[in-house]
Amino acid sequence: MNKIEEYKKEKDGLDVLRDIPRYVQEGWEAISEGDRERLKWTGVFFRRQTPGSFMMRIRIPNGISNAAQIRTIGEISKDFGKNFVDITTRQQIQLRWFKIEHVPQIWERLKAVGLVTLQTGMDNIRNVVGCPVAGLTPNELFDASSVVQEFTQMFVGNKAYTNLPRKFNVTITACKEACTHAETQDIALTPATKEIDGSEVKGFNVAVGGKLGSGGYRIASPLDLFVTSEEAAAVCSHIVMIFRDHGTRALRTKARLAFLIENWGVERFRRELERRLDRPRRTAGKDERSAKHTDHVGIFRQKQEGLNYVGLTVPVGRITTEQMLQVADLAENYGSGQIRLTIGQNLIIPGVPDNKIGDLTAEPVLQELRYDPPEVMRGLVSCTGMDYCHFALIETKGWALKTARALEAKLGKTQPLRMHWSGCPAGCGNHSVADIGLLGKNIKLNGEVVEAVDVFVAGAAGCEPNPPIKIMEDVPCEGLPNVVAGLVQHGAFKAMRQQLRKIPQASAVGVTAPAEKEPVRPTIRAQEIQEGSAKLVRVNKDEVAVFKHQGQLCALQNNCPHEGGQLSAGWIEGDEVVCPLHGYKFHVKTGACSTDAKLKAKIFKLVAQGDGFSIAD
């Protein structure tokens, strides 16, 4: 049993709520290791980079907020933080730099405007994502935001949902323009129609098991299931309960719903869902999505006559307190008072009458938060980065802005572009579904460790999803603008995706594949690996890091048992491999972990094969 499961067995995550008054009195140093993890169930995060200063993640279902809420969050950041917040790729807001003694006051102020932070971290259902212009855009099948709210009300504060094997992401959308990356989610409800009893019924098709981290992008598997909006929340609940009851809990890097789907297959999962629903399923309806993608940035007509919504770019999602207060004023003075958040880390002001558009666009803050940004800024997305996240390997937000500004100065106007940055393999910047995806890493250059990226291109979600392809490795961030300039200007991303979709993928989960010949095991030659470095080898479903240490080859699992870092990208210190993600150390011959004795890396045996070696069974 891993240590997080031990913590959950000792005490439910939400039970730490009763301990917070004590920690307020005793100070953050008194918080036990277990309770530092459990605090994440309440939306409060201890940050190793800023000991004593915490982060809080605010739940905003469907990204639908209002001026009063945004103003309150801005004022809280001003009073307790450092005058900025981050908008996330799940339509949430993250506060930073407050102390544990501030938590009760912050919660009271958030509660007064209808906001909560519960279950926004760890093994919970995270913020439920939806189309940020639900109920506004004419390009939707129907307004699905009420389903998001209904499902959210089912699980927030409910301990039946607080002991999942791993985090759980949900998208519920009826937008036809693929604005939510649905195929990356544990549950994806997307717009569909179906003829039932002679009438066309609007609802959702259901897919499960999508993910971005824990080994890369896995496209959600269609369940061949149609549900109405009235049934949708209950169906989502049953899917979560199946995951709670049957998902693996041994290794956290293999604990997402995707791995249960891989283990069971779609058919078995569907049968279990039907058993719990206690009714025959309806097969999938007609997918009502188009191949078009939108980010909702710009000025758009609403379905309500004479009204518009205005999407504003927030570069890399970081917004100052002053900007937040100004946006809140604009929403009240020009719009309906609502403010909405997008998965592209941007803001939307809805309900702006035609005769107020000119005055709104002339407001000074819209020179900073632009409705008409350069393309390299418009599609710029970044995870938190190493300044505040201990998983990240590089400072993503800083590099993203520096790179985008350099490209803008160098190239001027470019083609439409989505450039996404993730600081670690968890993929929180959604780099796998971007035109250009950048995955942070550390490399050794001239004997020094520097920040670098691997470059991916042409990933996609939506009705025509595909994984990206990696085209460059170990690109130092300092030189990135020059390296990718040609790609930004001339990259044929649509054509790349069309070609990637022609590549045969693995058989659909749950479908029996034809018998295959035993795979040829790759030959590993010592002379091909530099001393102290590794070669990544794939054998069946295992990824193996083969290191050359003191002239000998040693093989161990590539995924770090701690949090899934790529050991093949690490380095040797003494007789130990150092994980580049968090510095955990594993003995190259025994797999023993000197950082945490409970962890151990699997060791693989090497056997002679021709003029080299191969991985034994």
Side-chain angles (χ1 to χ4, degrees), residues 2-3 213-216 248 250-255 259 390-391 393-394 424-426 439-454 470 473-474 518-617:
N2 65 66
K3 66 179 181 180
S214 299
T248 180
L251 185 64
R252 289 184 65 76
T253 54
K254 299 287 185 180
F259 297 102
H390 66 271
F391 295 119
L393 298 173
I394 67 173
C424 79
L439 177 59
K441 65 192 309 184
N442 297 141
I443 64 170
K444 279 194 174 182
L445 188 65
N446 299 324
E448 294 186 0
V449 177
V450 300
E451 296 182 20
V453 293
D454 288 344
K470 182 164 66 174
E473 288 186 332
D474 300 346
E518 184 176 344
V520 177
R521 295 181 177 273
T523 299
I524 307 156
R525 298 174 178 86
Q527 60 268 30
E528 296 176 353
I529 305 174
Q530 292 184 354
E531 178 66 27
S533 297
K535 179 178 181 178
L536 176 60
V537 178
R538 290 178 172 84
V539 180
N540 296 328
K541 293 185 178 181
D542 291 317
E543 288 190 353
V544 183
V546 182
F547 279 87
K548 188 174 184 179
H549 177 53
Q550 297 177 351
Q552 295 184 328
L553 297 183
C554 307
L556 66 166
Q557 70 182 68
N558 183 49
N559 292 322
C560 175
H562 175 232
E563 287 287 354
Q566 306 295 291
L567 294 183
S568 59
W571 53 88
I572 298 285
E573 289 184 2
D575 291 326
E576 295 179 310
V577 178
V578 182
C579 176
L581 197 55
H582 300 119
Y584 277 56
K585 298 180 179 181
F586 299 87
H587 196 281
V588 73
K589 293 184 178 180
T590 67
C593 179
S594 62
T595 314
D596 183 345
K598 296 179 182 178
L599 300 179
K600 186 174 183 179
K602 181 180 178 181
I603 297 297
F604 291 83
K605 183 180 179 181
L606 292 162
V607 295
Q609 177 177 293
D611 61 347
F613 298 87
S614 67
I615 307 295
D617 289 322

Got a donor-acceptor contact below 3.5 angstrom from the [X] side chain to the [Y] backbone?
| X | Y | result |
| --- | --- | --- |
| Lys548 | Ala526 | yes |
| Glu451 | Leu393 | no |
| Asn558 | Ser568 | yes |
| Glu531 | Gln550 | yes |
| Asp454 | Asp474 | yes |

Drop me the distance from [X]'s [atom1] to [Y]'s [atom2], to the nearest 0.5 angstrom.
| X | Y | atom1 | atom2 | result |
| --- | --- | --- | --- | --- |
| Thr248 | Phe259 | OG1 | CZ | 10.0 Å |
| Glu543 | Phe604 | CD | CZ | 10.0 Å |
| Leu251 | Gln557 | CG | CD | 7.0 Å |
| Lys3 | Lys598 | NZ | NZ | 7.5 Å |
| Ile529 | Lys535 | CD1 | NZ | 6.5 Å |
| Cys424 | His390 | SG | NE2 | 9.0 Å |

| message | Looking at Gln527, I'd like to know if its CD atom is crowded, meaning that more than 12 non-hydrogen atoms belonging to other residues, nucleotides or ligands lie closer than 6.0 Å. | response | yes

Do you know which two heavy atoms are closest between [X] and [Y], and how far apart they sit?
| X | Y | answer |
| --- | --- | --- |
| Phe586 | Cys560 | CE1-SG, 3.5 Å |
| Lys585 | Thr595 | N-OG1, 2.9 Å |
| Arg252 | Asn2 | CG-ND2, 3.4 Å |
| Ala555 | Ile615 | CB-CD1, 4.0 Å |
| Leu439 | Pro425 | CD1-N, 3.9 Å |
| Leu599 | Pro561 | CD2-O, 4.0 Å |

| message | So, applying side chain to side chain contact (heavy atoms under 4.5 Å, CB included) with Tyr584, which one of Leu567, Asp596, Val577 is it? | response |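 The residue from Leu567, Asp596, Val577 that satisfies side chain to side chain contact (heavy atoms under 4.5 Å, CB included) with Tyr584 turns out to be Asp596.
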
| Any side-chain heavy atom of His562 sitting closer than 4.5 Å to one from Cys579? | no

| Can you check salt bridge (charged side-chain N to carboxylate O under 4.0 Å, His left out) on Lys589 and Asp575, steps first, answer last? | CA-CA 8 Å; Lys589 293 184 178 180; Asp575 291 326; over 6 Å; no

